[in-house]
There are 2 protein chains.
Amino acid sequence: MSTTGMPDDATEVYRRYLGAVMLNGLAAARACGLGATDLYALNVLGATGPMTPGELSARTGLTTGPTTRLIDRLEQAGYVRRVPDPGDRRKVIVEQVGTPAELDEALAPARRKVAEVLQSYSPEQLDTLFDYFARATDAFRPG
Amino acid sequence: MSTTGMPDDATEVYRRYLGAVMLNGLAAARACGLGATDLYALNVLGATGPMTPGELSARTGLTTGPTTRLIDRLEQAGYVRRVPDPGDRRKVIVEQVGTPAELDEALAPARRKVAEVLQSYSPEQLDTLFDYFARATDAFRPG
DNA sequence: AGATTTATCTTCTCTGAGGAAGAGATTAGG
DNA sequence: CCTAATCTCTTCCTCAGAGAAGATAAATCT
């Protein structure tokens with residue numbers, strides 16, 4: 001792809017890879033009964049940390065009404081918890097409850113296979129890979 | 001994570017990375033007006049290649065009715081094309097029309113940043129990374 | 001050829017997620 | 001202290017998307 005400076009066949013490999021990651025994540029979400037927005041919100045919370053419903057609604061692009069019910073769903077499913085803001089009693093803080101266990105369970109088979117793949121690399125190669133993971137995470141951040 | 005043999009902090013880096021990839025993909029899909037199922041189906045088609053509506057319905061878990069309308073949506077949006085099966089005139093083959101341009105456009109900023117990250121690696125390191133991309137793609141395949 | 005099976009598409013219905021508007025509670029400012 | 005602004009939540013409405021059941025067309029089998 002000329003805009004990225006990557007050769008086309010490398011782009012294709014990478015595109016397929018991203019597609020596979022998405023596919024796996026969506027399938028796992030579906031297996032847990034999570035909608036796309038729910039998963040999106042969980043990812044936002046996981047990436048950015050606890051935040052108020054207002055912030056979450058800004059991040060997801062939802063208005064406040066649907067956001068309230070989004071949080072209701074996540075809370076009822078045990079993925080998230082509402083905590084009162086000590087400094088402002090109008091506010092609520094939404095925080096993840098540990099790591100979503102069901103979701104992790106659904107993602108486990110793929111992670112096991114990935115772990116197998118990773119075991120075939122040398123320590124230096126693993127350093128490279130994890131360096132990439134860390135830096136790509138920022139690259140994928142919105143904004 | 002003990003089930004994978006990965007150290008816990010490495011798992012966390014990796015989990016964040018996957019979350020970021022998902023987040024970016026979902027945001028891009030939303031920007032293109034694609035629903036979660038539509039995106040899922042496009043990913044299936046991209047990963048597996050052209051297939052009949054029946055196969056697609058099995059992959060997505062939808063019944064045949066919604067699958068027809070799913071394909072209608074994707075076709076109308078120009079992401080996909082229906083071709084008659086030459087060997088069986090009951091069948092239709094659904095195939096992607098090139099690479100979804102709008103989706104690619106929406107993903108471009110992230111890809112540019114990733115390309116920047118990738119430019120900092122040596123050729124040997126890039127070999128390692130792309131080897132991983134290719135093998136991880138299979139690891140993420142459902143089944 | 002006739003019957004059965006297979007594959008896709010159509011129609012109807014319904015659930016669920018999202019928007020709009022406003023209520024209730026709390027904080028900030030004059 | 002009283003008003004205005006802020007934050008969350010509630011209510012009502014709409015609509016896209018999914019299931020169920022059946023229609024249509026084509027292939028297969030006896």
Side-chain angles (χ1 to χ4, degrees), chain A residues 22-23 26-27 29-45 48-77 79-96, chain B residues 22-23 26-27 29-45 48-96 102:
Chain A
M22 286 292 296
L23 199 53
L26 285 172
R30 176 165 307 190
C32 299
L34 286 176
T37 306
D38 303 32
L39 179 63
Y40 189 94
L42 272 183
N43 276 328
V44 167
L45 284 169
T48 312
M51 64 184 67
T52 65
E55 276 177 80
L56 190 58
S57 103
R59 295 271 190 162
T60 56
L62 295 175
T63 56
T64 67
T67 301
T68 296
R69 287 179 314 232
L70 163 69
I71 300 170
D72 288 345
R73 286 196 300 273
L74 293 179
E75 194 174 34
Q76 197 157 12
Y79 292 126
V80 130
R81 171 172 55 189
R82 271 185 247 240
V83 188
D85 185 324
D88 187 337
R89 290 193 306 184
R90 290 169 306 177
K91 289 189 184 177
V92 168
I93 295 181
V94 183
E95 61 181 25
Q96 264 189 310
Chain B
M22 285 293 296
L23 202 52
L26 286 172
R30 175 165 307 192
C32 300
L34 286 176
T37 307
D38 302 33
L39 179 61
Y40 190 93
L42 272 183
N43 276 327
V44 166
L45 285 170
T48 312
M51 63 184 66
T52 66
E55 277 178 78
L56 190 57
S57 103
R59 296 271 191 164
T60 55
L62 296 174
T63 56
T64 66
T67 301
T68 296
R69 287 180 313 234
L70 163 69
I71 300 170
D72 288 345
R73 286 195 300 273
L74 293 179
E75 193 173 35
Q76 196 156 13
Y79 292 125
V80 131
R81 170 173 55 189
R82 271 184 246 241
V83 189
D85 184 325
D88 186 337
R89 289 193 306 184
R90 290 169 306 177
K91 290 189 184 178
V92 168
I93 296 181
V94 182
E95 61 179 28
Q96 265 190 309
E102 281 171 300

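It should be emphasised that the depicted structure is a prediction, and the values quoted were computed from it without experimental measurement.
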Atom CG of A/Leu62 and atom C1' of C/dG19: how far apart are they, to the nearest Å? 10 Å

By nearest atom, which of the nucleotides C/dA20, D/dC9, C/dA7 is closest to the A/Thr63 side chain? C/dA20

Side chains of A/Val83 and A/Val92: does their closest heavy-atom pair fall under 4.5 Å? no

If you take all heavy atoms of B/Met51 and B/Val44, which pair is closest and at what distance? CE-CG1, 3.7 Å

Whichever of A/Thr64 and B/Gly35 has its nearest DNA chain D nucleotide further upstream toward 5': A/Thr64

To the nearest Å, how far apart are A/Arg30 CZ and D/dG17 C1'? 11 Å

Excluding sequence neighbours, so at least two apart, what forms salt bridge (Lys or Arg N to Asp or Glu O under 4.0 Å) with B/Arg30? none

Of C/dG18, D/dC9, C/dT8, the nucleotide closest to the side chain of A/Thr37 is C/dG18

Looking at CG of A/Asp38 and CG of A/Asn43, how far apart are the two atoms once the value is rounded to the nearest 0.5 Å? 11.0 Å

Donor-acceptor contacts under 3.5 Å from residues 61-72 of chain A side chains, at least two apart:
unit_1, atom_1, unit_2, atom_2, d
A/Thr67, OG1, A/Thr63, O, 2.8
A/Thr68, OG1, A/Thr64, O, 3.2
A/Asp72, OD1, A/Arg82, NH2, 2.1

Let me know the distance between CG of B/Leu39 and P of D/dG17, rounded to the nearest Å. 13 Å

So which nucleotide from D/dC9, C/dT8, D/dC7 ends up closest to the side chain of B/Lys91? C/dT8

May I have the distance from B/Leu34 (atom CG) to D/dA16 (atom P), rounded to whole angstrom? 15 Å

List in numerical order all residues of residues 65-75 of chain A for which some heavy atom is under 4.0 Å away from an atom belonging to DNA chain D. A/Gly65, A/Thr68, A/Arg69

Report the distance from atom CG of A/Leu42 to atom OG1 of A/Thr37, rounding to the nearest 0.5 Å. 11.0 Å

For B/Arg90, check side chain to side chain donor-acceptor pair (under 3.5 Å) against everything at least two apart and list the hits. B/Asp88

Could you list the residues that satisfy side chain to side chain donor-acceptor pair (under 3.5 Å) with A/Asp85, not counting sequence neighbours? none

Distance, nearest 0.5 Å, that separates OH of B/Tyr40 from OG1 of B/Thr60: 7.5 Å

Across nucleotides 24-30 of chain C, 5' to 3', mark each nucleotide with B, S or - according to how protein heavy atoms within less than 4.0 Å reach it. --BS---

Return the set of residues passing salt bridge (Lys or Arg N to Asp or Glu O under 4.0 Å) with A/Arg81 (not counting sequence neighbours), or none when no residue passes. A/Glu95

Residues forming a side-chain contact (heavy atoms from CB on, under 4.5 Å) with A/Ala36, sequence neighbours excluded: B/Leu26, B/Ala36

Using nucleotides 1-3 of chain D, report all nitrogen or oxygen pairs with the protein that are shorter than 3.5 Å.
none

Length of the line joining A/Asp38:CG and C/dG18:C1', which is rounded to integer Å: 12 Å

Figure out the CD1/P separation between A/Ile93 and D/dC9, and round it to whole Å. 12 Å

